[in-house]
Structure formats: C-alpha cells, structure tokens
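Beneath this line is the structure, given in structure tokens, with notes to follow.
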There are 2 protein chains.
Amino acid sequence: MNAEAHDARVDAVFHALGDVTRRAILERLSRQPAAVSELAAPFAMSLAAVGQHVQILERSGLVRTEKSGRVRTCQIDPEGLSLARQWIDERKRLWEQRFDRLANFLDEDEPE
Amino acid sequence: MNAEAHDARVDAVFHALGDVTRRAILERLSRQPAAVSELAAPFAMSLAAVGQHVQILERSGLVRTEKSGRVRTCQIDPEGLSLARQWIDERKRLWEQRFDRLANFLDEDEPE
DNA sequence: CCTTTGTTGAAGTTTTCACTTCAGTATTTG
DNA sequence: CAAATACTGAAGTGAAAACTTCAACAAAGG
C-alpha cells in the first residue's frame with residue numbers, strides 16, 4: 001500500500017472515531033453484532049441517521065456489514081481499530097525514544 | 001474520576017484526533033517540542049489557525065504547553081494518547097473475548 | 001394479498017468546525 | 001525607544017457534517 005492510500009485510511013478511521021455516536025455504536029458492536037435498527041434503538045435520533053453513521057464506519061474500515069434478507073447485520077472489523085492503534089503507538093514510540101536519547105546524552109556528558 | 005468526566009475526556013481526545021492538521025502537529029511534536037510558529041511553518045494556513053489547533057490539542061490533554069517570554073512551547077502529553085489507546089484496546093478486548101466464548105461453546109457442544 | 005418491518009436514497013435544514021482577518025498585547029532586538 | 005516577533009482574542013465567513021423528513025422498495029409475517 002502506498003503512503004497516500006495509507007494516510008487516507010488513517011484519516012477515514014480517525015474521522016469516524018471523532019463522533020460520539022459512532023463510538024457508542026462501536027462500543028455496542030464490541031459486545032456483539034447487531035442490525036442497524038438494533039443499533040438505532042438506544043438513540044434519540046432517526047433510523048436513517050444511524051444508518052448513515054454505519055455507512056461511515058463501514059467505509060472507514062471499522063465495521064463490516066452484511067445484508068441478509070431485509071436485515072443488515074453489522075460487526076466490528078478489528079483491522080480499523082488496529083490502524084488507529086498503530087498510529088497512536090508510533091507517536092508514543094517516537095516520543096519516548098526522544099527521552100531515551102536525552103538520557104543517553106546526559107549520561108555521556110556528566111558521568112559524575 | 002466519574003464516568004461523565006472520563007467520557008468527556010475521551011470525547012475531547014478523539015475529536016482532536018479527528019482532524020488531519022492536528023494529527024500532523026502531533027506527528028511533528030512526537031519528534032521534538034516546538035513553538036507555535038514552528039508548528040505553523042509547514043502549513044498553508046494562518047498562524048492564528050494553528051494556534052487554535054494547539055489550544056484544542058491542549059484542552060484535550062494531548063499536548064502540554066508552556067509560555068516563556070513571547071514563545072509558547074508545545075510538547076506531547078502522553079496521557080492523552082494513552083487515553084485513546086485504552087479506549088481502542090478495550091473495544092478490541094471485548095470483541096476478541098466474544099470469539100473466545102464462541103470457541104468454548106463450540107468445543108463443549110461438538111467435542112468430536 | 002395486505003401489512004409491517006428494516007433499510008436506503010435523496011433532498012433540505014441546522015449545527016459545528018476550520019479558517020480568515022484584524023486589532024491588541026507582551027517580549028525581544030537593533 | 002522603535003521596529004520586529006510571537007502570539008492571542010474576537011468576530012465573521014464558508015464549507016463540511018450531522019440530522020431530518022419523506023418516498024421507495026424488498027422481505028417477512030399473518
């Protein structure tokens with residue numbers, strides 16, 4: 001995968017995670033798969049709105065869906081979560097690496 | 001910390017991460033601390049805009065800043081990243097736990 | 001078959017958000 | 001001290017995003 005495509009995926013994932021409703025949907029789906037109407041039940045918003053959120057989650061790769069009959073069943077796609085996690089871990093890694101370098105520098109410079 | 005406050009922090013962090021520019025700022029800061037004007041340099045947008053992004057990052061807990069003289073120096077606050085990571089890991093954990101339960105169920109039901 | 005259920009597309013509305021400009025403040029530098 | 005630098009607050013603009021309603025449609029159930 002080239003860099004732009006990767007960035008576009010990261011962008012889609014973090015954009016999707018940026019919304020409270022979509023995160024609530026993911027929390028629900030992390031327990032077990034559910035139909036769109038089941039996902040919509042706890043919310044004070046229209047079914048159509050929840051359906052749109054599901055589409056965004058699916059396009060981002062955080063959720064996979066399958067339609068059987070008239071019911072669309074949704075489940076977590078762990079790949080999407082992994083992508084977000086990787087990005088975060090990489091930032092943390094670089095940041096901590098910097099501390100290590102700093103410590104080494106101080107050790108060399110002032111060995112008592 | 002109560003649940004609402006935790007949710008509010010999670011919300012602020014993921015909202016902050018939802019923007020490409022802010023993620024780029026974090027990428028820059030993961031290498032080393034920088035002043036607001038340094039952060040702004042690579043972008044085709046006003047200094048004020050970048051300053052606003054920094055404020056959002058700071059309120060979310062992803063970045064810590066300190067003003068000395070007229071320069072505000074920014075650095076990563078790893079706590080914010082940890083919070084995001086914890087949320088993601090918890091979803092992954094629950095999701096995988098579900099697979100384990102399913103496997104156990106199948107083992108019991110059809111022990112060959 | 002008729003009705004209900006579950007979803008989807010399209011179009012319109014409202015809210016949120018990123019960004020701009022500009023004025024104002026504090027700090028440094030020549 | 002004057003000029004340049006580094007922000008910062010406020011107010012406004014435009015676009016994106018969330019949400020609504022309504023119409024259409026296919027699949028199930030009675």
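Chain A is the first sequence line, chain B the second, and so forth, proteins listed ahead of strands; every chain is numbered from 1. None of these values were measured; they are calculated from a predicted model.
Under the 3.5 Å distance criterion, with hydrogens and angles disregarded, a donor-acceptor pair is assigned to the side chains of A:E58 and A:T65. Judged by distance alone, the side chains of A:K92 and B:S82 do bring a donor and an acceptor atom under 3.5 Å apart.
Under a 3.5 Å cut-off, the side chain of B:R22 and the backbone N or O of B:A16 do form a donor-acceptor pair. Counting only distance, with no hydrogens or angles, the side chain of B:R23 and the backbone of B:L17 share a donor-acceptor pair below 3.5 Å.
Summarising the geometry, the separation between CD on A:E66 and P on C:dT8 is reported as 13 Å, rounded to the nearest angstrom.
Contact check for A:M45 versus A:V50: side-chain heavy atoms found under the 4.5 Å cut-off. In this structure, B:L39 and B:L29 have side chains that are in contact, with non-hydrogen atoms separated by less than 4.5 Å.
For the pair B:K67 and D:dT8, the criterion of a side-chain N or O lying under 4.0 Å from OP1 or OP2 is met. A sub-4.0 Å separation between OP1 or OP2 of D:dT8 and a side-chain N or O of B:R72 is present.
Direction change of the helix axis from one end of the helix from C:dC1-D:dG30 to C:dG30-D:dC1 to the other is 20°, with five pairs defining each end axis (rounded to 10°).
At a threshold of 4.0 Å, the pair A:D89-A:R85 counts as salt-bridged, since one of the basic side-chain nitrogens sits closer than that to a carboxylate oxygen.
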For nucleotides 17-30 of chain C, read 5' to 3', which letter fits each nucleotide if B means a protein heavy atom sits under 4.0 Å from the base, S means only the sugar-phosphate is that close, and - means neither?
SSBBB-----BS--
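Cation-pi geometry between A:R91 and A:W95 is not met at under 6.0 angstrom from the ring centre and within 45 degrees of the axis.
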